[in-house]
Structure formats: structure tokens, C-alpha cells
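The next block holds one structure in the form of C-alpha cells; read it before the comments.
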Amino acid sequence: MDLSSYLIYGIPALALVIGLVKLFREVGLPSKYAPLVSLVIGILVGIGVALTSGQDIIYGIVLGICFGLSSSGIYDVGKKSQ
């Protein structure tokens with residue numbers, strides 16, 4: 001599988017998850033729920049990526065868990081470095 005399968009209309013799926021979670025935080029999502037929202041959005045995006053690339057749903061769920069956990073970790077690292 002090439003790297004382009006992790007893109008949604010040219011946008012990296014991980015960046016999409018990070019951006020959507022940031023949007024939810026800006027509109028009032030309590031910070032304690034951000035990791036859970038990140039995981040849910042990641043799974044939904046992962047399923048979308050799997051369906052568009054012809055993979056199984058379970059592949060999308062696992063990929064989405066990776067997206068969600070990665071985006072949560074990347075956000076925390078960025079927040080601590082400021």
C-alpha cells in the first residue's frame with residue numbers, strides 16, 4: 001500500500017483528525033474528552049480511508065485507532081513545547 005492511500009483529497013488523514021479535534025476544542029469541548037473524540041474521529045476517518053482504498057472494515061478500524069492515538073499524542077507534544 002502506498003502513502004497516497006492515507007490521503008483524503010490530498011489531505012493527510014492524520015492532519016484531518018488533528019484539525020477536527022482542535023475544532024471541537026475551540027467550540028467548547030472539555031479537554032478531558034479530547035482523546036476520546038480523537039479516537040472516534042480517527043476510527044471514522046480510518047473506515048473512510050479503508051472503504052475508498054478497497055480494504056476491509058477491520059483494517060479501517062485499526063488504522064483509525066492509530067490515527068486517533070497518534071493525533072492525540074502529537075497534539076499533547078505540541079502543547080507541551082509551547
Side-chain angles (χ1 to χ4, degrees):
M1 179 173 280
D2 61 63
L3 191 58
S4 67
S5 62
Y6 299 114
L7 301 177
I8 301 171
Y9 295 110
I11 301 170
L14 184 58
L16 183 65
V17 174
I18 292 170
L20 288 173
V21 173
K22 176 74 173 160
L23 177 71
F24 278 105
R25 290 180 110 174
E26 291 293 320
V27 297
L29 176 75
S31 293
K32 68 179 183 178
Y33 297 120
L36 178 63
V37 171
S38 176
L39 191 60
V40 170
I41 292 173
I43 290 171
L44 293 174
V45 169
I47 290 172
V49 167
L51 291 176
T52 58
S53 65
Q55 300 290 329
D56 292 332
I57 296 290
I58 191 70
Y59 174 82
I61 292 170
V62 172
L63 184 64
I65 290 171
C66 292
F67 285 156
L69 294 176
S70 296
S71 69
S72 182
I74 289 171
Y75 183 82
D76 286 341
V77 168
K79 190 169 81 171
K80 288 178 185 175
S81 68
Q82 293 180 356

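- Nearest heavy-atom pair across Ala34 and Val21 is O-CG1, 4.1 Å.
- Neither Leu20 nor Leu36 shares a network with the other; the hydrophobic side chains, linked directly or stepwise wherever heavy atoms of I, L, V, M, F, W or Y lie under 4.5 Å apart, form separate groups for each.
- Although no hydrogens or angles enter the test, the distance criterion places a donor-acceptor pair under 3.5 Å between the side chain of Ser53 and the main chain of Val49.
- The backbone N or O of Gly68 sits less than 3.5 Å from a side-chain atom of Ser38, completing a donor-acceptor pair.
- Considering every non-hydrogen atom in both Val45 and Ala13, the closest pair reads CG1-CB, 3.7 Å.
- Between atom CG of residue Leu14 and atom CG of residue Leu63 there is a gap of 10.0 Å, rounded to the nearest 0.5 Å.
- Legend: residues meeting side chain to side chain contact (heavy atoms under 4.5 Å, CB included) with Leu44, ordered by chain and number and at least two apart, are Val40.
- When the side chain to side chain contact (heavy atoms under 4.5 Å, CB included) test is applied to Ile65, the partners found at least two apart in sequence or on another chain are Leu39, Ile43, Ile61, Leu69.
- Tyr59 and Leu16 end up in the same hydrophobic cluster when Ile, Leu, Val, Met, Phe, Trp and Tyr side chains are linked at under 4.5 Å.
- Under the 4.5 Å side-chain criterion, counting only non-hydrogen atoms from C-beta, Phe67 is not in contact with Ile41.
- Side chains of Ile57 and Leu51 form a contact here, defined as non-hydrogen atoms less than 4.5 Å apart.
- Judged purely by atom type and a 3.5 angstrom limit, Ser70 uses its side chain to pair as donor or acceptor with the backbone of Cys66.
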